[in-house]
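Let me begin by presenting the structure, written as structure tokens, before commenting on it.
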There are 2 protein chains.
Amino acid sequence: MSVGHTAVTPQAHLGPCGDDDCGVRDVLDRLGDKWTVLVIVELSKGVRRFRELQRAIPGISQRMLTVTTRRLARDGMISRTAYATIPPQVEYALTDIGRSFARAVFALSDWSRDHKDVIAEARERWDARNTD
Amino acid sequence: MSVGHTAVTPQAHLGPCGDDDCGVRDVLDRLGDKWTVLVIVELSKGVRRFRELQRAIPGISQRMLTVTTRRLARDGMISRTAYATIPPQVEYALTDIGRSFARAVFALSDWSRDHKDVIAEARERWDARNTD
DNA sequence: CGGAATCCCATTGGATACTG
DNA sequence: CAGTATCCAATGGGATTCCG
């Protein structure tokens with residue numbers, strides 16, 4: 001039935017991109033980053049300081065928080081506001097495009113949450129069938 | 001959809017997950033893979049054989065196509081049907097959950113396409129401000 | 001054709017120490 | 001507090017060779 005109603009009409013989305021995925025990889029690479037999504041999630045709750053972010057995201061190192069926030073700031077997803085106080089104070093917040101991105105991320109995490117059980121079962125079946 | 005309101009109500013999405021992101025990372029890691037999305041996109045156009053996939057995805061190595069298809073098959077996203085002919089013939093196709101996943105991926109790629117210019121400009125401004 | 005196995009290198013990210 | 005700098009281990013993925 002030629003995929004019938006199950007067609008996803010990909011041409012309308014990625015069709016014209018031959019090789020470089022039309023720059024979509026830039027965004028997808030961020031999603032693949034270990035901490036980016038967690039930072040986005042935390043900042044979607046409101047403005048956060050560096051240490052607040054670190055405490056809110058268990059396991060993230062100082063270095064990776066710096067790297068992650070800088071990448072997001074570079075892409076315009078978050079703003080970074082430094083106050084010349086003592087001790088220093090830096091506030092991070094989602095920008096408009098960052099909030100838009102957050103909604104897209106949440107849509108995907110919703111999908112993941114809704115299907116993670118099915119995926120886990122598929123993996124178990126696959127691993128059971130393949131006893132290596 | 002307005003961007004006016006700040007809150008994205010993240011608690012409803014990832015709220016209860018303290019540390020492990022509720023298994024959402026499993027899905028996000030696939031998106032971070034270099035080739036997974038391209039394989040999904042190609043298979044959303046219809047059933048494909050191994051070589052067809054490879055020809056349709058310029059730059060992918062035999063090894064990475066094998067690795068990528070196996071991971072997707074393990075997660076139940078695609079089916080793998082081998083015919084004991086000579087020469088061998090293996091057909092890959094999206095499953096129902098794979099098509100569902102493809103739709104989620106397309107939603108994200110739509111977002112990327114719609115915002116890649118804004119992101120690119122943000123990067124240029126950031127790089128110009130930071131001349132190192 | 002459709003892989004599997006091996007080698008190898010580049011990137012990611014963790015741990016730790018130091019600084020304005 | 002909010003980083004920067006350095007070292008190091010793990011992973012991802014390319015190139016190549018072999019195999020049923």
Side-chain angles (χ1 to χ4, degrees), chain A residues 19-21 25-39 42-43 47-75 78-93 126 129-132, chain B residues 19-21 25-39 42-43 47-75 78-93 126 129-132:
Chain A
D19 200 341
D20 63 352
D21 213 347
R25 273 255 61 85
D26 283 346
V27 177
L28 262 35
D29 284 345
R30 294 298 135 259
L31 291 181
D33 292 340
K34 190 168 180 180
W35 302 107
T36 296
V37 170
L38 295 177
V39 170
E42 184 58 26
L43 286 182
V47 177
R48 292 288 187 274
R49 296 177 55 175
F50 189 87
R51 279 244 67 97
E52 289 176 330
L53 276 177
Q54 193 171 14
R55 273 191 296 268
I57 304 172
I60 194 171
S61 66
Q62 229 163 17
R63 183 179 115 80
M64 286 318 296
L65 183 53
T66 301
V67 170
T68 303
T69 52
R70 265 216 295 154
R71 274 200 288 237
L72 286 170
R74 178 172 183 259
D75 288 357
I78 69 178
S79 64
R80 178 188 183 276
T81 310
Y83 299 97
T85 59
I86 295 178
Q89 181 167 347
V90 179
E91 285 181 353
Y92 294 94
W126 201 94
R129 226 177 293 122
N130 189 331
T131 57
D132 52 7
Chain B
D19 199 341
D20 62 353
D21 212 347
R25 272 255 64 86
D26 283 346
V27 177
L28 263 34
D29 284 344
R30 291 300 135 262
L31 292 180
D33 293 340
K34 189 169 180 179
W35 303 107
T36 297
V37 170
L38 294 176
V39 170
E42 184 59 27
L43 285 182
V47 177
R48 292 289 186 275
R49 297 179 54 178
F50 189 89
R51 282 280 308 181
E52 289 176 330
L53 277 177
Q54 193 170 16
R55 272 190 297 267
I57 304 173
I60 194 170
S61 65
Q62 234 165 14
R63 177 180 181 277
M64 286 318 296
L65 184 53
T66 301
V67 169
T68 302
T69 51
R70 264 217 293 153
R71 274 201 288 236
L72 286 171
R74 178 172 182 259
D75 288 356
I78 68 178
S79 64
R80 179 185 183 278
T81 311
Y83 300 96
T85 58
I86 296 178
Q89 180 167 348
V90 179
E91 285 182 352
Y92 295 93
W126 202 95
R129 229 177 290 125
N130 187 332
T131 58
D132 54 3

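Note that the structure is predicted; figures quoted are calculated from it, not measured. We name chains A, B, ... by the order of the sequence lines, and we start the count at 1 in each one.
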Only pairs under 3.5 Å count here: list side-chain donor-acceptor contacts from residues 57-66 of chain B, not counting sequence neighbours, and write none if there are none.
| unit_1 | atom_1 | unit_2 | atom_2 | d |
| --- | --- | --- | --- | --- |
| Ser61(B) | OG | Met64(B) | N | 3.2 |
| Thr66(B) | OG1 | Gln62(B) | O | 3.0 |

Problem set entry | Partners meeting side chain to side chain donor-acceptor pair (under 3.5 Å) with Thr36(A) (sequence neighbours left out) | Asp33(A)
What is the separation between atom [atom1] on [X] and atom [atom2] on [N], rounded to the nearest whole Å?
| X | N | atom1 | atom2 | result |
| --- | --- | --- | --- | --- |
| Glu52(A) | dG3(D) | CD | C1' | 16 Å |
| Phe50(B) | dG20(D) | CZ | P | 18 Å |
| Arg55(A) | dC1(D) | CZ | P | 6 Å |

Measuring from atom [atom1] of [X] to atom [atom2] of [Y], what distance do you get when rounded to the nearest 0.5 angstrom?
| X | Y | atom1 | atom2 | result |
| --- | --- | --- | --- | --- |
| Glu52(A) | Leu43(A) | CD | CG | 10.0 Å |
| Glu42(B) | Tyr92(B) | CD | OH | 14.0 Å |
| Leu28(B) | Leu28(A) | CG | CG | 9.0 Å |
| Arg70(B) | Asp75(B) | CZ | CG | 12.0 Å |
| Leu53(B) | Ile78(B) | CG | CD1 | 7.5 Å |

Seminar exercise, completed: Exactly one candidate in Arg55(B), Gln89(B), Gln54(B) meets side chain to side chain contact (heavy atoms under 4.5 Å, CB included) with Arg49(B); the answer is Gln89(B)
Problem set entry | Non-hydrogen atoms of Gly32(A) and Arg25(B) that approach each other most closely |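 Taking every non-hydrogen atom into account, O-NH2, 3.7 Å.
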Problem set entry | Position toward the 5' end of DNA chain C (nearest nucleotide), Gln62(A) or Tyr92(B) | Tyr92(B)
Exercise. At what angle, to 10 degrees, do the two end axes of the helix from dC1(C)-dG20(D) to dG20(C)-dC1(D) meet, given five pairs define each axis?
Worked result: 40°
When you compare the protein's N or O atoms with those of nucleotides 11-14 of chain D, which come within less than 3.5 Å of each other, and at what distance?
| unit_1 | atom_1 | unit_2 | atom_2 | d |
| --- | --- | --- | --- | --- |
| dG13(D) | OP1 | Lys34(B) | N | 3.0 |
| dG13(D) | N7 | Arg63(B) | NH1 | 3.3 |
| dG13(D) | N7 | Arg63(B) | NH2 | 3.4 |
| dG14(D) | OP1 | Lys34(B) | NZ | 2.9 |
| dG14(D) | OP2 | Trp35(B) | NE1 | 3.3 |
| dG14(D) | O6 | Arg63(B) | NE | 3.4 |

Exercise. So where does chain B start and stop touching DNA chain C, 5' to 3', when the test is distance under 4.0 Å to a non-hydrogen atom?
Worked result: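 Contact boundaries, 5' end first: dC1(C) to dT6(C).
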Exercise. Of all of residues 79-90 of chain A, which get a heavy atom below 4.0 angstrom from DNA chain D, listed by number?
Worked result: Arg80(A), Pro87(A), Pro88(A), Gln89(A), Val90(A)
Exercise. Checking side chain to side chain contact (heavy atoms under 4.5 Å, CB included) for the pair Arg71(A)/Val67(A): CA distance, chi angles, key distance, verdict?
Worked result: CA-CA 6 Å; Arg71(A) 274 200 288 237; Val67(A) 170; 3.8 Å; yes
